[in-house]
Amino acid sequence: YTLKFRNAIISTGTDVLTEFIADSYTDLPDNFTYGNDDFDFTGLNKSTLYAVGATEDGLYNPADIKVMANGGSETIPKTYFDESSIDTNVIGTINVLKASQEIKGLKAQLIITTDKVYKNVNKLSGYVESESLGGQDPYSASKAMADIATQSWLASFENVPTGIARAGNVIGGGDISTDRLIPDLINSYKLGLTPQLRAPNSIRPWQHVLDCLNGYLLLVDSLLRGVGEGAWNFGPSESQIKTVSEVSDIAGEVWGVKQKWEQNHDEYPHEANVLILNSDKARTELLWNDKLNFEESVTWAVNWYRNVHNGS
């Protein structure tokens with residue numbers, strides 16, 4: 001998915017991020033603000049931010065369609081059985097980069113890949129932006145390829161100020177994709193089933209979609225000022241580095257189920273056991289920080305689904 005924000009482009013493969021940027025969040029406390037006055041998150045609307053898609057022939061932005069699928073296949077288990085993820089993630093990203101060069105008045109662009117682009121060695125101190133990229137599973141490999149292709153493109157051709165954002169394990173209302181933790185938990189709750197966890201002890205940098213988008217918008221703001229090119233990590237603080245089971249425990253408590261989860265012992269494709277980002281660069285240079293803690297992030301996400309389920 002690719003978004004045009006005033007004179008900037010944000011390209012992301014995650015539909016939940018697109019939905020949140022485009023519609024904003026309607027249940028924010030008064031002191032919950034994002035970016036500076038020009039990038040006030042709660043003030044975003046379709047007149048300043050809209051979706052565009054990219055093909056080999058260029059970008060398009062149909063006025064009656066908010067979100068157009070472009071670059072970004074979905075989750076790891078799914079892409080094991082879908083070889084088109086490489087074409088979607090890599091060629092889709094190059095299409096955006098090529099087409100953006102034809103946009104008159106474009107001032108900046110942000111390419112969003114994922115936290116899974118790094119060569120994962122189960123590092124506990126967190127990956128920094130300069131570390132090696134890689135990917136054992138097809139999804140991670142395709143995203144690393146897209147990231148490397150972007151770096152190569154930027155080094156080879158003249159472009160507007162461009163940033164690469166790396167984040168993942170984003171949670172929040174509106175995500176209905178399969179093989180994602182929160183949506184899978186919610187589906188089990190609604191069916192009266194006990195959620196099945198394939199890797200309850202896996203550690204991930206869980207982050208609410210709003211905190212993630214705060215970083216993206218701050219980075220775009222910086223790019224529009226001609227500062228901030230290159231790669232940036234956006235991951236939560238160490239206090240939010242939790243296991244899958246810890247997320248599931250809080251989610252089950254918020255929804256009100258008795259048995260929070262049970263482990264599924266079936267065999268699944270490889271996924272990294274530990275994934276942690278070091279986001280000191282964004283915290284220091286962009287003054288970006290989490291506004292929601294771990295418990296709040298999960299609670300906000302689950303409450304969104306519960307309100308929808310109850311017709312609120």
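Values below: all heavy atoms of this structure, side chains included; hydrogens, waters and symmetry mates excluded. One is the number of the first residue; the rest follow in order along the sequence.
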Practice item. Could you name each residue pair satisfying salt bridge (Lys or Arg N to Asp or Glu O under 4.0 Å) that touches residues 144-156, not counting sequence neighbours? Key: D147-R166

Practice item. Find the distance between CG (L218) and CG (L223) and round it off to the nearest 0.5 Å. Key: 11.0 Å

Review point. Quick one: do E296 and K291 make a salt bridge, cutoff under 4.0 Å?
Key: no

**Study point:** T243 side chain to E246 backbone, donor-acceptor under 3.5 Å
**Key:** yes

Exercise for review: Taking atom types as modelled, find out whether Q109 and S100 have a side-chain donor-acceptor pair closer than 3.5 angstrom.
Suggested key: yes

Review point. Going from CG on L213 to NE2 on H208, what distance comes out if it is rounded to the nearest 0.5 angstrom?
Key: 9.5 Å

Point to revise | I171 side chain near L181 side chain, heavy-atom distance below 4.5 Å | key: no

Practice item. For the pair Y118 and N233, evaluate side-chain hydrogen bond (donor to acceptor under 3.5 Å, both in side chains) and give the outcome as yes or no after the intermediate values. Key: CA-CA 11 Å; Y118 292 104; N233 288 339; 2.7 Å; yes

Exercise for review: Tell me yes or no: between the side chains of N159 and T162, is some donor less than 3.5 Å from an acceptor?
Suggested key: no

Practice item. Looking only at non-hydrogen atoms, find the nearest pair between V298 and A251 and report the distance. Key: CG1-N, 3.8 Å

Exercise for review: Kindly give the heavy-atom pair with the smallest separation between L110 and I164, and that separation in Å.
Suggested key: CD1-N, 4.0 Å

Practice item. Identify the two heavy atoms, one from I276 and one from L124, that lie closest to each other, and give their separation to 0.1 Å. Key: CD1-O, 3.6 Å

**Study point:** Over all atoms of both residues, closest heavy-atom pair of T194 and S188
**Key:** C-CB, 4.4 Å

Point to revise | Close side-chain approach of I203 and N273, heavy atoms under 4.5 Å | key: no

Check your understanding: Nearest 0.5 Å, what's the OH-CG distance between Y305 and N187?
Key -> 9.0 Å

Exercise for review: Provide the full list of ring pair (Phe, Tyr, Trp, His ring centres under 6.0 Å) pairs with a residue in residues 174-200, sequence neighbours left out, each pair given once.
Suggested key: Y189-W255

Point to revise | Heavy-atom pair of closest approach, residues I250 and F294 | key: CD1-CE2, 3.2 Å

Exercise for review: Start with the C-alpha gap between D290 and R283, add the side-chain angles, then the distance that decides, and say whether salt bridge (Lys or Arg N to Asp or Glu O under 4.0 Å) holds.
Suggested key: CA-CA 9 Å; D290 310 308; R283 299 183 193 283; 3.7 Å; yes

Review point. Is a side-chain N or O of N310 found less than 3.5 angstrom from the main chain of R306, in a donor-acceptor match?
Key: yes

Revision key, fill the gap. Contacts of W288 meeting ring pair (Phe, Tyr, Trp, His ring centres under 6.0 Å) (sequence neighbours excluded), chain-then-number -> F234

Practice item. Evaluate the side-chain hydrogen bond (donor to acceptor under 3.5 Å, both in side chains) criterion for residues Q263 and Q196: first the C-alpha distance (whole Å), next the side-chain angles of each, then the deciding distance (0.1 Å), finally the verdict. Key: CA-CA 5 Å; Q263 186 166 359; Q196 304 285 305; over 6 Å; no

**Study point:** Sub-4.5 Å side-chain heavy-atom contact between Q240 and N293
**Key:** yes

Review point. So, for Q207 and P236, which heavy atoms are closest and what is the spacing to 0.1 Å?
Key: NE2-N, 4.0 Å

